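All figures in this text were calculated on a predicted structure; none of them were measured in a lab.
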Amino acid sequence: MAHRFPEPPAECADATLGLTVPMATRARVRAPELIGKGGWLNTGDRQYTLADLRGRIVILDFWTFCCVNCLHVLDELRELEEKHRDTVVIIGVHSPKFVHEAEHQAVVDAVERYEVHHPVLDDPELATWKQYAVRAWPTLVVVDPEGYVVAQHAGEGHAHAIEKLVEELEAEHAAKGTLRRGDGPYVAPEPVATHLRFPGKALLLADGGFLVSDTTRHRLVELDADGESMRRHFGSGERGLVDGGPDDVRFSEPQGLALLPDGRIAVADTVNHAIRALDLTTGVTTTLAGTGRQWWQGAPTSGAAREVDLSSPWDVAWFDGRLWIAMAGVHQLWTYDPEAGTVRVAAGTTNEGLVDGPGAEAWFAQPSGLAATGERLWVADSETSSLRYVDLDGAVHTAVGTGLFDFGHRDGAAAQALLQHPLGVTALPDGSVAVCDTYNHALRRYDPASDEVTTLATDLREPSDAVLVDGDLVVVESARHRLTRLRLPEEAVRVADQAHRTQRAATAITPGTLRLDVVFQAPAGQKLDTRYGPSTRLLVSSTPPELLAAGEGAGTDLFRDLVLADGVTEGVLHVSAMAASCDDDPANEYPACHVHQQDWGVPVTVTAEGTSRLPLVLAGMDEQG
């Protein structure tokens, strides 16, 4: 049963302005208990309840490891986690979208892969998610030292607001005597010795060796042709954005690799939001593009490469005279022009979904793998479980996949075939492509000539990339920490069909008009700054498009009346909201501003018993939960 917040929040949305106005009082709501069938990680096998954490400020991070926005939030929380280690306990509540993410070992792997240094509750059945009425990945919930919910934030960009709230709670509860300081419940797991640790991508070198992104160890590793013997590595092993030689350079979770025309190797330095270049001859790494800051709505989307922010570049490939970048963090493809030293958006609107067409109108969902042929740039579009491609005119097409919520393992005609969160794609000599079908632990093949999908191999462990070597495929088995050489089979492997939909329950909505309210409460000490126009944005669409008779499109109000079409009984509402709040200090001529944003994909069913209002919390708490 979903926990509800029956009382008004401290501020509520003004229906005429789409802003927030103060409320006189707010009833305190007891935080529901933490329940997860998978148990606890990073606690030394101890099982915790909220009562065990009384006296501490608890931040619940509802996340799932497929979600790049969730990974951004993990990074945002690192500084806060360290600064307030004696008063704050962050609890990751792992709430899976894909079937693979409900596997306990996959969660164990993800916690190590992304260096999660706080306790994690494995909740494969979404029990705690439902108790807290969460609707989106990621969502942060703050619980005070007495066990009451005091704030909820969906999406990214809330770390500054949460830190201010933490400071207020520390002062308040220290004065009341209800704050308990001390060590937290985190217990680090024992390290495991392997040559590679969750490698991401690989590149075949001219002499037959391999360069591999050793992602979790923040370095690049050069291997012999056997794929096992280490020649040398590049990177100190510590997170950072530092150029230099093999022992001095620093990366942060590097992923994709591509050969540039000048012989250097481009590196997608994912968590640094940068593109680096490694010169194997000198061993020196330099920065080609990015500032080290994450791109936010309103920031430039073209310009001098070292002056433009990027967002979680996951892979790179040389195609049509430019370096293409799978910009997973904003659901776009960008390009880097080495001669001009510039970057720009090439395809994608930043909206998350599966929409084909001209590059400027197409939608992606965490593009994570690229492979170029003479006429096509193939894209593994992970969150839509799809294989896409860009043609020489810049138009985007879908070869396999149907959208954000359908996935599985099904071979056959491409229109009916299913993948599950693929991260890699490799062009094959016969014109077909191999797909690293990551969450199915399989290698698949799509043949454009027959328009069919087959399975080449199974029993891999989270394959994330593959390179062609003398007719074989060398696969990066990320969760087995190794490269695996596979002979391309003459016949496909037979696999029983499996089709899945995300296990989130659909929201029942009433026919006719649906009121959409995005709840945003400016953090303490901040306000929506309207001096230069609206500081909020709301974009709405649907799958299928026929679901909405009216109400789709962009606007600046954080509320909208949606008119549902007659005869369409189910679908998905796609909602993207953004709000920018600035420090409320009249004496400061240039106040610091903070962007809060989130995309929701809300499965809905239309029924007479449904609700006529759909509240989505961007920041604050909605009175109807």
Side-chain angles (χ1 to χ4, degrees), residues 34-50 52-53 56 58-67 70-86 88-96 98 100-124 128 138 182-200 212-219 221 233 235-240 250-255 270-271 438-439 441 461-462 464 476-482:
L34 304 178
I35 305 168
K37 188 176 180 180
W40 290 81
L41 305 175
N42 282 355
T43 63
D45 295 327
R46 178 174 172 179
Q47 307 299 298
Y48 279 88
T49 67
L50 279 175
D52 297 326
L53 303 174
R56 311 297 291 273
V58 178
I59 300 174
L60 302 178
D61 176 14
F62 290 86
W63 70 298
T64 188
F65 63 80
C66 73
C67 166
C70 299
L71 304 185
H72 291 167
V73 168
L74 285 176
D75 204 48
E76 288 178 4
L77 292 176
R78 293 186 199 279
E79 183 176 348
L80 183 148
E81 186 172 23
E82 182 61 34
K83 183 177 179 180
H84 298 273
R85 185 168 294 279
D86 65 335
V88 171
V89 175
I90 296 177
I91 304 290
V93 183
H94 189 268
S95 311
F98 289 98
H100 170 59
E101 293 175 307
E103 297 175 13
H104 182 69
Q105 185 57 48
V107 182
V108 173
D109 288 344
V111 168
E112 181 188 352
R113 181 195 299 267
Y114 297 115
E115 296 186 310
V116 180
H117 291 167
H118 52 249
V120 172
L121 176 64
D122 182 9
D123 183 19
T128 297
D183 294 334
Y186 171 68
V187 177
E190 289 294 325
V192 181
T194 54
H195 286 308
L196 302 171
R197 205 69 192 162
F198 297 103
V212 182
S213 53
D214 193 15
T215 303
T216 298
R217 290 190 175 134
H218 315 298
R219 63 181 187 170
V221 172
H233 67 266
S236 68
E238 300 292 329
R239 287 184 186 271
R250 289 192 178 190
F251 300 96
S252 189
E253 298 183 27
Q255 287 281 348
T270 304
V271 179
T438 308
Y439 287 4
H441 308 300
R461 188 67 187 173
E462 293 192 16
S464 56
V476 179
E477 277 197 274
S478 188
R480 285 199 176 113
H481 321 293
R482 70 187 188 190

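- Heavy atoms of other residues, nucleotides or ligands lying less than 6.0 angstrom from CD of Glu79 number 12 at most.
- Formation of a donor-acceptor pair under 3.5 Å by the Arg56 side chain with backbone atoms of Gly182 is found in this model.
- Look at Glu81 and Arg78 and you find no salt bridge, because none of the NZ, NE, NH1 or NH2 atoms lies under 4.0 Å from a carboxylate O.
- The shortest side-chain heavy-atom distance between Trp40 and Ile91 falls under the 4.5 Å cut-off.
- For the pair Leu41 and His104, the minimum side-chain heavy-atom distance is below 4.5 Å.
- Not a single donor-acceptor pair under 3.5 Å links the side chain of Asp214 to the backbone N or O of Leu196.
- Side-chain atoms of Glu462 and His100 include a donor-acceptor pair closer than 3.5 Å.
- Residues Val271 and His218 form no side-chain contact, since every pair of their non-hydrogen atoms from C-beta on lies 4.5 Å or further apart.
- Using a distance-only test at 3.5 Å, with no hydrogens or angles considered, no donor-acceptor pair links the side chain of Ser213 to the main chain of Pro199.
- Residues Arg113 and Leu71 have side chains not in contact (no heavy-atom distance under 4.5 Å, counting atoms from C-beta outward).
- Residues satisfying the ring-ring contact (aromatic ring centres under 6.0 Å, His included) test with His118, not counting sequence neighbours, are none.
- Proximity of a side-chain donor or acceptor of Thr128 to a complementary backbone N or O of Ile35 within less than 3.5 Å is detected.
- The backbone N or O of Thr64 sits nowhere less than 3.5 Å from a side-chain atom of His94 that would complete a donor-acceptor pair.
- The aromatic rings of Phe65 and Tyr439 sit perpendicular to each other, their planes meeting at more than 60°, with 30° as the lower class boundary.
- Between Leu121 and Leu60 the shortest side-chain heavy-atom distance does not fall below 4.5 Å.
- Checked by atom type and distance alone, the side chain of Asp75 never pairs as donor or acceptor with a backbone atom of His72 at under 3.5 Å.
- At a threshold of 4.5 Å between non-hydrogen side-chain atoms, the residues His233 and Arg217 do not count as touching.
- Judged purely by atom type and a 3.5 angstrom limit, Arg482 has no side-chain atom pairing as donor or acceptor with the backbone of His195.
- Relative ring orientation between His481 and Phe198 is described as perpendicular, the plane-to-plane angle rising above 60° on a 0-90° scale split at 30° and 60°.
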